[in-house]
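These notes are about the structure you will find just below.
Chain identifiers are assigned alphabetically (A, B, ...) following the order of the sequence lines, protein sequences preceding nucleic acid strands; residue numbering begins at 1 within each chain.
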Amino acid sequence: MKNKELAKIFNDMSRFLRMEGVAFKPYAYERAAISLESLEKEVSEIYSKGGTKALLEISGVGKAIADHIEEYLKTGKIKVYEEQKKKLPINLDELTKVEGMGAKKAKILYEKLGVKNIKDLEKVVKAHKVAPLFGFGEKTEKNILQGLEFLKKDKGRFSVGNILPTARNILEKLKNLKEVKTIGLAGSVRRRKETIGDVDILAVSEKPEKVMNFFVKLDGVEKVWGKGGTKASIRMKEGFDIDLRIVPEKSYGSALQYFTGNKDHNIITRRIAIDKGLKLSEYGVFKGEKYIAGKTEEDVYKAIGLNWMPPEIRENQGEIELSLKNKLPNLIEQKDIKGDLHCHSKPDEVKHSKNSKNLIKEIAKTAIKKGYEYIGISDHTKFLRIDDGLDEKGLLKQHEVIKEINKEFIKQKFDIHILHGCEANIMPDGSIDIENAVLEKLDYVIAGVHSSFKMSKQEMTERLIKAMGNPNIDIISHPTGRLIGKRDEYQLDFDKILETAKRTGTILEINSSPYRLDLRDIYIRRAKNQGVKMIINTDSHQKEQLGLMEYGVSMARRGWAEASDIVNTLSLQNLMKNFKK
DNA sequence: GCCGTTTTCGGCCCGACTGTTTTCAGTCG
């Protein structure tokens, strides 16, 4: 993990240098940081095997930075960095999160007003001490204040599950304008990041003013940040921003390429262009003044010697290297999914109502519409009293109900098979809240942690390892327990979890709920690399939520998963082979 | 500070927009 620590330090050093007005050096540190972040090997390992000479092999690392790395590995500190921090003891990470605050402004505010962090910033802004400063003004002060309030309200980022439907809606409205020739989403929404800062939309139009005027007057616009000839930016009442850019038709592909990739991906692609004697910008690929490509993304990547790659992986995590070698993964797609095994019905109906079949039938019919081959009902179990968890008796009764529905469906020629499972609870000691004798009778069993989240890393790891050792537990639901923006993942030795999953043949869930998205991308990639099987489920509590599958699939794609890594891409028969009994 | 089919010096990703200025710096993506 030294790679990450060093990357952060070099990023900080880069920003310090930028604040001092030093030219070009910041780039060098930034590049080294990017390089370290995407390095596959541990830098400490590289150093222990080959010394500073081996460090020089890392791209972006030269003599000075190699020395810094060596110093850090030996002493845990880098002297010049510590000195920089002493000279300017400000929390840059925090301050630059405020919209409109960059490194230079932060430095001035520290020197003139002693601002070290967000709290200080709020104080001086509210006391109107900022506006009179040279280079600042009334508007800047007001913008900083708004930026601060925005950060407080929702931490500045929104769940992709909240953003995507609104974004699609607006896209549709713009698409209907006759002045709009082509339009599409870019940015982190297109990459399907779990949280989105703002939405980027790109369009081609010969009458940009008309499109812009329509855009800033859309329903739900709270504020217009700015509107120029080719770019406009609005704040929606829901609290997030949307940027619209109008580009020439021959630049649509290059603009899409540029506004989709994350920063690192773009820096690298532009550097690759330079190495080939070309220039890549949002306007196209150029050789000198001459336009070479830009109309489509495919053209752009091809012009600089790369293969087109799916937006979800454009994060400089090795995709560029693989693209050069023609070895990009064949990512899983929504159409590969053959069923959803984490669907809740209303256990209450099973216990009390005579019509307990109805909801399960509705869920199954929704699944048929989605083209699924199977659907799994997996309700909570008895420990979760608040969610009407089923006890052993209830589960057995539900099992009979589902058997009957399957028989009815066969008669009526409904083309789906309903599997019966449950989502049992993993108790703090790793035991399960339902007797094995009953679990055995079900088609499959999901188990998850729904209580005591604050255990030590060792305890929580042992808790899960014990559950995975249970021969009746097939799937671990939402394995890290995080709730996006609300609750951190619990402490877990994920390497040990992967090792155990592999050894015991336990499947890890990719939970599609936009509030969970758990496993997240980086864990999916690690699971894939270890050969651990995964399943993408919706955890739906209403039949409409079966549609959340797309978020799970996107997360899986961000984790580089292919269909072969995900068991619910298999036919029913082959799926069953992945269960323990 | 780093790098090299423009290779040991000279360039580094790049353009739009805002707010402050009065020709441009800072920020963003």
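Between A:K227 and B:dA16, a side-chain N or O to OP1/OP2 separation shorter than 4.0 Å is absent.
If you check every strand for non-hydrogen atoms under 4.0 Å, A:A273 touches nothing. Residue contacts shown for A:K63 are limited to sugar-phosphate atoms, with no base heavy atom under 4.0 Å away. Heavy atoms of A:Y29 sit under 4.0 angstrom from primed sugar atoms or phosphate atoms, though from no base atom. Residue contacts for A:G229: at a heavy-atom cut-off of 4.0 Å it reaches the sugar-phosphate backbone alone, with no base atom in range. Across all strands, A:R31 comes closer than 4.0 Å to base atoms (heavy-atom distances). Across all strands shown, A:S59 has heavy atoms under 4.0 Å from sugar-phosphate atoms exclusively, and none from any base. Nucleic acid contact for A:T230: sugar-phosphate only, since backbone atoms but no base atoms lie under 4.0 Å from a heavy atom of the residue. Using a 4.0 Å heavy-atom distance criterion, A:V98 is classed as a sugar-phosphate-only contact. Residue A:N143 is in sugar-phosphate contact alone, with no base atom involved, counting any heavy-atom pair closer than 4.0 Å across all strands shown.
Checked against B:dC2, B:dC13, B:dG26, the side chain of A:K105 finds its nearest nucleotide in B:dG26. Here the nucleotide nearest the side chain of A:F24, chosen from B:dG15, B:dC2, B:dC12, is B:dC12. In the set B:dC17, B:dT27, B:dC13, the nucleotide with an atom closest to the side chain of A:K104 is B:dT27.
The nucleotide B:dG10 finds its pairing partner in B:dC3, both defining distances of the Watson-Crick or G-U wobble pair being shorter than 3.5 Å.
Look at A:R191 and A:E315 and you find a salt bridge, because one of the NZ, NE, NH1 or NH2 atoms lies within 4.0 Å of a carboxylate O, short of that distance. Ion pairing of A:E30 with A:K263 is present here, as a side-chain N (NZ or NE/NH1/NH2) and a carboxylate O approach within less than 4.0 Å.
Contact of A:Y258 with B:dG29 (side chain to base): a donor-acceptor pair of N or O atoms is detected under 3.5 Å.
Comparing B:dC28 with B:dT22, their P atoms are spaced 24 Å from each other, to the whole Å.
Geometrically, A:R18 engages A:Y27 in a cation-pi contact, judged by NZ or CZ lying under 6.0 Å from the ring centre and within 45° of the ring axis. Cation-pi geometry between A:R482 and A:Y515 is not met at under 6.0 angstrom from the ring centre and within 45 degrees of the axis.
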